[in-house]
Amino acid sequence: MNRFTMQRRIATALLLALSVGGVLILLDGHNPFEAYKVLFLESFLNYWGFSNTLVKASPMLLAGLAVIIPMRAGVFNIGGEGQIYIGGLFGAVFALAIPDLPGLLGVPLIFIAAAAGGAFWAAIPAYLKAYRGTNEVIVTLLMNFIAIHIVSYAVAGPLLAEGAPYPYSEEVSDAYRLPILMPQSDTHAGFVFGLGMTIILYFWLRFTPSGFQLDLVGRNVRAAAYAGVDQKKTIIRAMLIGGSLAGMAGAIEVIGLKYRLFHLFSDGYGYDGIVVAFLAALNPIVAPLTALFLAGLSAGAGTMQRAIGVDSSVIEVVEGLVVVFVAAALVTPRTTSKSILKLLAKNLRLRRQTQRQKKEA
Amino acid sequence: MIDLVLLGDVLAVTARLGTPIAFAALGGVIAERGGLYNIGLEGQILAGALGAAAGSFATGSAVIGLGCGINCGLISGLLLGYMSIRLRINQLVGGIALNLLLAGLTAFLSRQIFGAQAGGARVNGFSQIDFPFLSDLPVVGPSLFSQDPLFYLLIGLAIAAWFWLMKSHKGLDQRAVGENPKAADLAGVPVFRMQYLAIAVSGALAALAGVHLVLSQVYVFAEGMSAGKGFIALAAIILGRWSPIGAICAALFFGFCDAVQFKLQFTSPEIPYQLFLILPYFASLIALVVLGAKASAPASVGLPYDREHR
Amino acid sequence: MDPFLKVTGIDKSFGAVRALHNVNLLASKGECIAILGENGAGKTTFASVLIGLYQPDNGEIKLGGTPVSVTSPAKVIEHGIGMIHQHFSLVGAMTAEENILIGLPSTKRGAEARARIRQLCSDFDFNVDFDIRVTEMPVGMKQRVEILKALFRDVSILILDEPTSVLAPTEVAPFLKGVRKLVANGCLVFFISHKLDEIREIADRVMVMRHGRVEGVLPVATTPMAQMSALMMGEKPTSETVGMAKAKKVRNDTSSAPDALVVSDVCLIDPSGAEILQDLTLTVKAGEILGIAGIDGNGQTELSEVITGLRRQTSGAIHLNGTEISSASIASRIADGIGFVPEDRHAEGLVLSLSVEENMAFRSISEDRFMSGGLISRRAIHEIASDAIAAFDIRPSDPKLNASALSGGNQQKVVLAREVARACNLLVVVQPTKGLDIGATEFVQNQIRTVAQSGVGVLYISTELEHVLDISDRVAVMAFGRITGVVDPENTTLQDIGLLMTAAPEEVQ
Amino acid sequence: ERAAIVMPGSISDNGWNQAGFEGLTKAGEALGFEAAFSESVHQPEQIEVLSDYARRGYDLVIGHGGEFQDAVERVAARFPETMFMVNNGLGTKDNIANADFYFSQIAYLMGYVAGSMSDTGTIGIIAAQQFKFTTDTVVGYEAGAKAANPDVRVLVTWTGDWDDITKGKEAALNQISQGADVLWPTMDSATLGSMQAVQEKGVYGIGIYRDAINEWPEILQSAILDVRGNMRSYLELAAAGKLEGALYRADMGNELAMRIGSFHPDIPVDVVDEVNNLIEAMKSGTLVVNPQ
Ligand SMILES: Nc1ncnc2c1ncn2[C@@H]1O[C@H](COP(=O)(O)OP(=O)(O)OP(=O)(O)O)[C@@H](O)[C@H]1O
Ligand SMILES: Nc1ncnc2c1ncn2[C@@H]1O[C@H](COP(=O)(O)OP(=O)(O)OP(=O)(O)O)[C@@H](O)[C@H]1O
Ligand SMILES: [Mg+2]
Ligand SMILES: [Mg+2]
């Protein structure tokens, strides 16, 4: 599959998605062109839009990596969402409990605490999977719900800020807040951190024996065993890494964006991570791109409502369509369009033949 | 005696809360046994719910609502099938995107059909069927013999699905497709047709969950009314070890825990309520560990089949 | 008279690889056509087109004079075409019976069907366990199920893709007899094999393929073997290659060499309580090739796994060069220089979704030759793999290609190339020549001999008795998890070995 | 003048969000505002959405719910020219106004009605999540019920979900099976489910946000938290340029924003009179309900 056809295919797919969505926007009483102008301009091409995209892309990227690494070891981590929550909780508790360290010391420690939280939450399904053969999909999924309720309890109970109108914790101290990269916006350093992680993980998978062997386990367990790789340890290692990544995404939401621990502070980023991971074909180095795509789509879609007034339900449809069609464009080896073209050509030839025969007759 | 009444009550609630999850889980089992993930259950529940509400709203007939709901599920299933089978989109991405799409589409359509007062438009639904004498039995009476027709449909479908998968010839073919599509293909099983059939039926079953919500439980459509049941159903599939009966038991177990957690909230108001909300998830987890659900998924589930790839 | 099957102008490409190039063939009922060709010549691809698995880019297939559309196996099966696949197409989670019944019309799946399956089984003298799932079966039994599956469907065209590659010698003869009976009853049989003697025994005509083209379709009876080989290999005069190989065969005198491998009193009891290995004792000297002969499923596979660490013995000890490794991990045994060619290349020998070069390296990625500066050197992997590809004549020769795209024989060569290069103390090979063409088989045997001559002990496990006798310095015969005898291959008869192979457990001391 | 409202849930939830949406659009029409809204805005997007409206030049940006308090404070600091408002928030700044309800006060009245009308001596309240608005409501409800009947038992259920209708229904059925015969569901969409249970089981309900007896004849009385009216009152100020960074708290004295609905015909006259007396006492300050 060469690059040109791939680009063309993505473009075709986007066009298709947008025209189907356009009809709905039209039904909703708005001008689709105007709406789409906003969608693109305000996700990547304008300062504020791009900043919004980056803010969203950062947890999505880390959550994506948190799916990719375990998946490369054959473990399906649906638990990114729960790991984000527990990571955020651990990070916030640390930040609130020890509020007066210098930032250069405190922030890394908060990250470590959050990573430990996420890893702890991932260790349970990992252990069950490795040593008891329990299906990790269901364990991680169930643990997401549990984690959300735990944070809900924590911020409504022991961590509740003095006089808060809604369940949230006290603010973390100024020293712990991630630096803002784009002035006047909320673009914190989270995405850059994610990029760093991406590069480290990419090189780890590709250029170190332990990374390479992790990948082996995911591709063929028996062959990995034959190569002397301990499947159990690998599973645990992969999940711990995945959990840490998701946990750090939680910390970034707390000390980068909200400065407090909130009830429901992650908006399904753990699940977005699944889309990010698979759109990137489980290649870490591609994940920043797919995370940016998904985040941009979501940021741009939001502005369609604010700038034009498109109904949010229509926006969801457009988002779903774009994801479907882009996913299709990325994987389909033989496009439907190609076979349709073939059919058309055949028909044309046939018709010309029959016409010629008629003329001759 | 009081405890028996309480138990009977809990069981009745179990059946009500568990039925939609069970429908969706059954749908998931059918799809996964044919080698396809159906992560779109959540969206398909909504599609079924909207179809049922719209059908019943327009005609005043619950049966027509049922038909409309099932059809919406069939269509959404085929859509997912086209994405997974033909386009070979990653089935998880496709399913998640379908959920997004259907959440939006059902909200949009419901605002068009019912107007802004979406939640308000009540529709006709099914009323419960009381079996004479049987429904008066203590404990099991209200839960087994005093339910709405869809509950009995669920039981019937579960048995039918079990028979189809485990006893019928075509069911063997379908399981073969889920395990090793190439082997099935080479043995003459029409793999793609089988998969389209499985995913369409799966969508219809998930839609029945939505139909149950609307026509047997609350008689209105509300945006996002699936409220995560499709995801719980995914867990029930695994807990039920990919067996139709097992999945339904798992779903009902989940409903049971939910029913119990409501009861427990009253007896111990001093305990944080989140602890009770966690209970169904926690209990399922424990059940999974205790039962040692080692059974693994159909070997080829989630892998798009490409004939010429080897 | 129109021929029964007429194939014209079939082309098939996979990306840049032209697997079939203008293939034409006429065949009639009651005929057995062998297909001969090097690894990667396109034999399996041709069969896959006939069966409807691959869509040809061009060409036409006529059956009884009418063109048939071979767009899916289901449609082809309706025309009465069946196939036994080179790589099993079985559902692991199902039993033999279920596997045989998949896809059949309901009318053919009743109780009589079950009786017929068992009848067929005894007709062919096949030992098949109907109670276990396919995953639990030894390879040979899987092969028998695969065969039964095709035979059970009354077919008018039957394609056999290397059906005997893991059958025990005792099973081959009845199987060939059964196939001949089918031919006599009017069935058209395609017989893909690398074994010239089998071809000679069973085929009427042989279709020789090379690089995707048909080089000729010749009557078997009047064509000398050398001519077939010559066609198959192109210019290369094969008799010379074969002769060279034979000439090379020198016995190693290893009587004074140190012991490379000592297996003493090893028992293996599986979870169900069955004794798979019973007090098994053997010694391989450095530089010696010890052959293990035996009928498939008598514990050979498990023996190889115990030695290489994939399984842990219940009791007994294993020493490598005098050091006990009985409970060493697989990784440490790999580091100790034990090379291992496992029986099933798809299940464990290869990672099909990785490239050929990565497959050449994955078993010992942290070895110095693949690393530089503490990191994996992709360049080193590429170079080492390219060299091995050239040495083993692996085709297509692109090291970046996925292993799954290679033909079966070429995949086997990848595994061999890797393990032969790795083994510096002991090489354990199981069915090493499975699916290799004649040239490649000779080449591999030579490689193994070279390894042995460099002082490595070799344990050569195979069900192909002739190969075992041909290559080994000593031959141990296994039956029921024990060594029933150790013989000198020069001075022993096939009958003797046959007796040892079937020795009842109580007869063994 | 341009005003925008940012809501945490769907505008068709029959509850808090729908009330906010309608409040702004209706008032906007009447007062000549250009009104914009964003629905279903979740935690991580709050800052983005609020600042986007401010940047687009909206004069008044409303965060609809206490969960917006923090985000509004962040954004308001960045846009000193824009006026912000939090519905149900806490605390004010120069350009942050706060519109709040005296929840426990009206809840007290509801509790009083419920307590008086219960035959079984058991009443219930169903809420989604614990935080200031809901806990105030529960406490006021309990106090009112005790005032009517010191022996009353008040069941409290937390469903954890504002919109899950089935859960709302199950929670209500559950309370009914525990003997409750007057129920007050205070969620959004999920309220619908609870009211169906009330209807099916033939017990009484209490309404919230609007005069719910119009939709459900089983409603004894409704706590009309008229977000519309409340917003109308402060939007009028905004239109006149008089909106300040102050707390605009609606209590029973502000009928436009907070009042009770119609009495169910079953309610005896003495209870009606007593409720009216309580209201007067609240207005005059002789009855102070806690938490304030
Ligand atoms: N490789 C493929 N990937 C996805 N879908 C396919 C593929 N091949 C065929 N299909 C489609 O799947 C459907 C069922 O195909 P199947 O092979 O099971 O039956 P068929 O009899 O060959 O179909 P048809 O009648 O269209 O020739 C058909 O619509 C077919 O076009
Ligand atoms: N599905 C496929 N994808 C890519 N390449 C393929 C595919 N099938 C076959 N090929 C290529 O086509 C050529 C012919 O392969 P084929 O399997 O037909 O060989 P063969 O004659 O059966 O060899 P062997 O004796 O080793 O089994 C090989 O080069 C192989 O790599
Ligand atoms: Mg082949
Ligand atoms: Mg071969």
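For clarity, every value in this text was computed on a predicted model and none was experimentally measured. Letters A, B, ... are given to chains in the order of the sequence lines, protein chains preceding strands, and every chain is numbered from 1.
- When heavy atoms are compared at a cutoff of 4.5 Å, B:A259 approaches chain D solely by way of its backbone atoms N, CA, C and O.
- Taking every heavy atom of both residues into account, D:A171 and B:F262 meet most closely at CB-CE2, 3.8 Å.
- Remark: side-chain polar atoms of B:Q265 are paired, donor with acceptor, to backbone N or O of D:W158 under 3.5 angstrom.
- Side chain to side chain, B:Q217 and D:T166 fail the donor-acceptor criterion of an N or O pair below 3.5 Å.
- Heavy atoms closer than 4.5 Å to chain B are found in the side chain of D:W216, but not in its backbone.
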**OP:** Could you go through the side chain to side chain contact (heavy atoms under 4.5 Å, CB included) check for D:S189 and B:M225 one step at a time?
**Re:** CA-CA 9 Å; D:S189 296; B:M225 72 188 300; over 6 Å; no

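- Heavy atoms of other residues, nucleotides or ligands lying less than 6.0 angstrom from NZ of B:K263 number more than 12.
- Taking 4.0 Å as the cut-off between side-chain N and carboxylate O, D:E39 and B:R111 count as a salt-bridged pair.
- Nearest heavy-atom pair across B:L277 and D:T159 is CD2-O, 3.6 Å.
- Considering only heavy-atom pairs separated by less than 4.5 Å from chain B, the leading option among D:G193, D:G160, D:S177 is D:S177.
- In this structure, the portion of D:E200 lying under 4.5 Å from any heavy atom of chain B is its side chain and not its backbone.
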Original post:
Can you check side chain to side chain contact (heavy atoms under 4.5 Å, CB included) on B:V218 and D:L192, steps first, answer last?
Top reply: CA-CA 8 Å; B:V218 296; D:L192 217 64; over 6 Å; no

Original post:
side chain to side chain contact (heavy atoms under 4.5 Å, CB included) between D:D163 and B:E223: does it pass, once the steps are laid out?
Top reply: CA-CA 9 Å; D:D163 298 314; B:E223 292 167 24; over 6 Å; no

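- Using a 4.5 Å cut-off between heavy atoms, B:K229 touches chain D through its side chain atoms alone.
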**OP:** Carefully, step by step, assess D:I165 and B:V220 under the rule side chain to side chain contact (heavy atoms under 4.5 Å, CB included).
**Re:** CA-CA 9 Å; D:I165 300 187; B:V220 292; 3.9 Å; yes

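- Side-chain atoms of B:Y219 never come within 3.5 Å of backbone atoms of D:Q196 as a donor-acceptor pair (strictly under, hydrogens ignored).
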